[in-house]
Each structure stands twice: as structure tokens, then as C-alpha cells.
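For reference, the structure is listed below as C-alpha cells.
Numbers restart at 1 for each chain; the letters A, B, ... are given by sequence-line order, proteins then strands. Just the heavy atoms: all of them, side chains too, but no hydrogens, waters or symmetry mates, feed the values below.
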Amino acid sequence: MLRWLIARLGRAAAAAWLIASLVFIASRLLPGSPEQQALAEAGDLSRPAAGVLSAANQAQNRLALRRRLGLELPLFYVTRSPGPPGRWQWHGTANQYHAWVVALLHGDWGHSYRDGQPVLALLRQALVYSLPLAGAAAGLAVGLALALALYLAQEPGGLLRQVVFTLLSALQVMPLFLLALGLLLLLANPDFINILPAAGQGPADATRWQLAGYWAARAALPLLSLVLAVLPELTLPLVALLRYETRAGYATTARAKGLTAMQILRRHALPNAVLPLLTTLADLLPTLAAGVVVVEVLFALPGNGRLLAEAAAAHDYPLVVGGVLLTAGARLLGLVLADVLYFLLDPRLRPAA
Amino acid sequence: MKVALFSSRPQFGYWLALAWLALLAGAGLLAPLLPLPYAAANADLQHIATPPEWSAPSAHYLGTDSLGRDVLAGLLAGARRLLVLSLPAVVLATVAGALAGAAAGFWGNRGLRLPVAVAAAALAALWWGLELPLSSMPYWLLGIAIILSLVSWRLYRLAARWLSFALPLDSLVLGIVTLLGAVPRLILLLVLVAGPTPTQAQFLGVLILLAWPDAARLVRGQMLRVRVQPFVEAARASGLHAGRIWWRHALPHACRPLLAFAPLSLASLIALESALAFLGIGQGPDIVSWGSILASMRQDPTTWWVAAGPGVALLATLLALQAVAKARQLEVNN
């Protein structure tokens, strides 16, 4: 079983690595590459002097820029020389991909093309906002999903129960950005109800506690959107499983013993129904990572999602590749967590001594 | 039990959903023919963020957004975009995913044995492609390679088993699916369009690339159940060719869950595409979709009429697709 676990994680890690590598190589191959962008920007800055520069000077500038961005090396271990004959050449370790990998393993994730800041530092700064947001959303959603599922799974369905169920299935297809936009228009609109702040950096001369309170209020709407967005896919399968379990023989026995419906659900059905939920839980982290992008852009939070969206809009590839690596890492973490929880909760799955 | 399942209320919802989708398709088809006073991408700079108005003959019936674009024209353009982009993307992705998943499930890692000559021909073609520029490769050589591999295929029927090798189809498909699933879809989409703005065809390709693994996984799982059914064994026993069993007997059964899955897949793709347009990444400024109209809302949150039309249309479309999927699910289960 341990071998299976390692193989599974190894496969996921390899996939994460491969996709980041593909993104890296594609980003260096694409036209509209960083070099041209940076050159255009440099041209803008030195516009008065541009006419003075000779062609040789321009070529020299170009070379210097390529060297500064680490683009003067060949892209991969083997590349094809340009031109009609197209010979394949072996470059050894002196290539961009190798340099990228070595730097990555040394903790240097490259520098943003836009402001030259190290990618890792940018990601770390942004995580201060994104991690609490995603973590709180995950915790709240799981707790709420358990409570709601226990409520919805009770057999005789009342009107309220049906309404909640219908709302949940409608929420299931509702895209997060529409949900968040609706909440924003409803609750943070100067024309309508304006109870929650949705933009800005907080009062300038606030104490630490006031600032904390401000950010808590700021986080309310994004948090609500995220929780509502992941709630249906957590709750609805759990309800179906709970209903299935209550029809099993042991539930009948428990009913015959005189337990109430709620006791049967909580004590007997829930432990059996929770196991398949763990697979959903493993998918929760990537879903949240994608949700954070939308929510942070919409509510102007300076977190990872907004960083990634802005980097993608500005063709800032080192940052994009860093974001991909981070997200893939989050998914890996989700897989590990789900597998460990499986082993903890179900002794049958544990490796035999 | 049947009576309870087919009570009148779900039926009504189903017909309502179909009616909405038909309306949407009609609007999308007829969008270029309708006599609209304004084009979707054109800004009417004299009427910026005006509320809906019905009095003037060529008024903005649903108002304009903060850039001065007509909301009604934008709605129709968005409907057309669903029809020419999302729908083909889902159809192609479902077909591709179904074929890949069904093949992977049916033949597994050892089932599909190819003659060694095919591998040799493939290697030769690969070497050719790497060594020579593609344009200078004489096409008659390629033709000869294809004919040779066809001949060797006939020979293979006669040849001994050791002349062939097994293609690990299952691992191949699952590997690609895992690779594409390593990063959430929205983020992968963001990354893929982060380069130069993709053309319509490239964007379609990206959407297909993102959407096919779901169908493949579903059909593969179903195929694993179908391939051990008695009728498949009977077909084998009667001496039919494996490809024919796969295509005529196993595939139709394995694809049945797609009936209910395809509408949901379309819904999730529409949501994904709208989210990307809402974020405003990888789209030319002249492309108007529901997501991009909703995005213009962010500049001026007081213009409720900008959000109302596309928001309601998007939600109605997704709910309708969900209702259709539910009705289809009942059909599949019975």
C-alpha cells in the first residue's frame, strides 16, 4: 500500500513537473517573447535617443538585454539550428532549461519581467493574503457541508429542505465569478445595501486591531463567494451517500434499537459516507486555487490569484511559471492529505504492518 | 416508480429548458441578420452608461455599458459566440475524449498489438521529421511509408506473434489526462492564453485540449465494464475483428453516459470561457461575449442593467443545460 501511495504521488509530482516544464518552454518559444517586450519598453524609455543609436549599437543593446534576461543560451539540450538545412545540435548543460531547473532547485525561481523582483518573494508576499482566505474557505465549507448534509439527508423532506436542495443544485452550475459579482452588487453597492467594504487598503491611521477588523470585513465577501461556490460539490454527493447508507441493514438495526434518525445519521451512516468525500476533498484545493483567481481580481485583494492573472495579462512568464508550480504543488498537497486521511479513517486501507 | 420519476413538474422544467436553448440557438444563428442599430464592439461615445430606453426609434433598448457598447447587441453577439465556439468545442472534445477513452479502456496496455513494421515506420518517420524540414520531405516517400505499413498490417495477420509489440494505450491516455489535470483548468487556460492573443481557431483548440479528459475518463470507466459483458465475448467468439467489435458493439454502449454528460460538459465550458472573458485575459478588444460585458461592470458598479441581461442569460443557459442533463440521466438509467 505504501508503494502504491508513493507511485501515485510520484506520478502526480511528475505530471506537475512536466506541465511546468512545458509552460516554461512554451513561454520561451512563443512570439511576443519577453525579449521583444522588454526591447519595446526600453525603446519607449530611450525614445529621444533612439534616432541617435546606430544599428551596431542597437544590436549590442539587444545582446546585452538577452544576456541580462538569460536568453542568450540555446533553449533546450538539443535544438535545431535555424535556416534551411536545419541540423540538430547537442548543447550539453549550457541551455536555458537546464539553467532554469538548477536555479529552481536552488530556490531561485527567477525574476519578474515587469519589476525585476524575485518571483519567490512576490509569491510569498501574496500568500499572506491567499493562504488564510483559501484555508478559511476550505474549513468553513467542509464544516457547513457536513451540517447541511446531515440536515438534508433526514428522510421526510419538508418544504424548506426541498428549497435548500434546489438552491444547492442551482449553485452547482453557477460560475464563481457570476456569484461573486452578484454578491458584490448586492452587498457592497453604494446604490443598494453597502455594508461591506470591497476595495481599498484600509484606513491610513488605524491601529493594528482596527486594521485586522477592516481586513476581516474585507474578507467577508470573498470568503462567502468561495464557500458558496464549493459547497454544492461537497454537500450533494454526501447527501446521496448518507441516504444510501440509511437504507443499509445496519441502519435498520439501529432504528430497531430505538435510535433517532439524527443519531443513526451521525453515529452510523456518517463514518461510512465520509470516506468517498475525501476524494472530493483532494480536488478542493485546486478548485479553491482557481476560485481565488476570480475572487481576488474581483474584490481587488493583493493575493496570489490576482498576481497570476495580472502576470498572464502582462506576459510576465517567470511569474506565470511560478504560479503554475505553486498551484501544482497545492494539488500535490491535496492528494497527500486525502491519502493520509484515508489511511487514518479507514484501518482496512492501512499497509499491513 | 416510473410515475414518480416522470411527474409533470420535471417535464415542465425540461421543456422550458429546451425552449430557452432553442431561443438561444435561434438568436445566435440569426444575430448577423437582425436589424440592430448598433454593432456589438462599437462604442457609442455619446451614450456612455445610459440606462435602458425605449422611446427613441434607434435607442439602446437594454442600455449601454461604461464603454458605450450596446448591451442588446452584446447579448446577441455572446449568444452567437456560444454557438460558434463553445458548442463546436464541446462536440469535438467529447468525440475525441470518447474515442481516446474507449480505446484505452478496450485494449488496455497489452491488448493492442501492432506489427513491428509499424514501429519501424514510425521511427523512420520521426527521424525524417527531425532531420529534414517538413516542407522538403517528398510526399511520395510518405505515401510509400503508409502503403508499406498497410501491407505489413496484412502480413501481420499471417505472421507470428513475436513479430508484434503491444502499444501501452491505457498508460498513454491516462498519463496525458493526469498531465492536464495537474493544474486547475482555469489556471491552465490562463497560462495557455497568456502569450500573444490567440486566434479563434487556436482558442477553440485550447478549449478542446482542456475539455477532452473528462469525457475520456468517463468513457474509459464505462468501457472497462462493457468489455467483459457476454455480448462482447460472444462477438469475440464468433471471430469478429477486434476493431470491428470495438466500433460496432462496445463503443455504442460505452458512450451511453455521454448523453447526460455532454450538456454538463457544455455548461462547465461556457462557465470557464465566461470566467476567462470576465478576467479579460487572452481576448481581443473586438470580441464581445457575456463575460466581457459583465467585466465592464467592474468599472462602474452602479450600472445594474449591464449585469442584468448577460448575468440572467448566462445563469438561465447553465440551469437549462443542467435540467437537460438531469432528464437525460433519467433516460440513461431506465
Original post:
For A/Leu181, is it the side chain, the backbone, both, or neither that has a heavy atom closer than 4.5 Å to a heavy atom of chain B?
Top reply: side chain
Original post:
Between the main-chain N or O of B/Phe261 and the side-chain N or O of B/Ser265, is there a donor-acceptor pair closer than 3.5 Å?
Top reply: no
**OP:** Would you mind telling me which of B/Leu190, B/Leu179, B/Thr178, B/Val183 has the largest number of heavy-atom pairs within less than 4.5 Å of chain A?
**Re:** B/Leu179
**OP:** Write out, in numerical order, the residues from residues 200-211 of chain B with a heavy atom short of 4.5 Å from a heavy atom in chain A.
**Re:** none
Original post:
Residue by residue, which of residues 270-280 of chain B have a heavy atom closer than 4.5 Å to a heavy atom belonging to chain A?
Top reply: B/Ala271, B/Ser274, B/Ala275, B/Phe278, B/Leu279
Original post:
Should B/Leu319 and B/Trp20 count as side-chain neighbours, where that means a heavy-atom distance under 4.5 Å?
Top reply: no
Subject >> Check: B/Ile287 main-chain N/O paired with B/Arg81 side-chain donor or acceptor under 3.5 Å >> reply: no
Original post:
Any sub-3.5 Å donor-acceptor pair from B/Thr94's side-chain atoms to B/Ala262's backbone N or O?
Top reply: no
Original post:
Looking at B/Val177, B/Val173, B/Leu174, which one forms a side chain to side chain contact (heavy atoms under 4.5 Å, CB included) with B/Arg220?
Top reply: B/Leu174
Original post:
When heavy-atom pairs shorter than 4.5 Å are enumerated against chain B, which of A/Ala15, A/Ala13, A/Ala309, A/Ala330 gives the highest number?
Top reply: A/Ala15
Original post:
Will you find, in the side chains of A/Glu233 and A/Thr280, an N or O donor that is under 3.5 Å from an N or O acceptor?
Top reply: no
Subject >> Close side-chain approach of A/Phe177 and B/Leu314, heavy atoms under 4.5 Å >> reply: yes
**OP:** Name the option with the most non-hydrogen atom pairs under 4.5 Å to chain B; the candidates are A/Leu308, A/Val294, A/Leu332.
**Re:** A/Leu308
Original post:
So, does B/Gln322 use its side chain to make a donor-acceptor pair with the main chain of A/Gln172 at under 3.5 Å?
Top reply: no
Subject >> A/Leu301 side chain near A/Arg306 side chain, heavy-atom distance below 4.5 Å >> reply: no
**OP:** Indicate the atoms forming the closest heavy-atom contact of B/Pro184 with A/Thr327, along with that distance.
**Re:** CD-CG2, 3.4 Å
**OP:** Indicate yes or no for a side-chain donor-acceptor contact from B/Ser292 to the backbone of B/Val288 under 3.5 Å, with no hydrogens or angles considered.
**Re:** no
**OP:** Sort A/Leu285 into side chain, backbone, both or neither according to what part of it lies under 4.5 angstrom from a heavy atom of chain B.
**Re:** neither
Original post:
What part of B/Leu192 gets closer than 4.5 Å to chain A, counting heavy atoms only: side chain, backbone, both or neither?
Top reply: neither
Subject >> Among B/Ser268, B/Pro310, B/Gly181, residue most engaged with chain A (heavy-atom pairs, under 4.5 Å) >> reply: B/Gly181
Original post:
Are side-chain heavy atoms of B/Leu82 and B/Trp290 found at a separation under 4.5 Å?
Top reply: yes
Original post:
Does the side chain of A/Trp109 come within less than 4.5 Å of A/Leu319's, by heavy atoms?
Top reply: no
Original post:
Pick one: which of B/Leu321, B/Val324, B/Thr317 meets side chain to side chain contact (heavy atoms under 4.5 Å, CB included) with B/Leu266?
Top reply: B/Leu321
**OP:** Answer with side chain, backbone, both or neither: which region of A/Ile19 has an atom nearer than 4.5 Å to a non-hydrogen atom of chain B?
**Re:** both
Original post:
In terms of heavy-atom pairs under 4.5 Å, which option from B/Leu188, B/Ile187, B/Val193 contacts chain A the most?
Top reply: B/Ile187
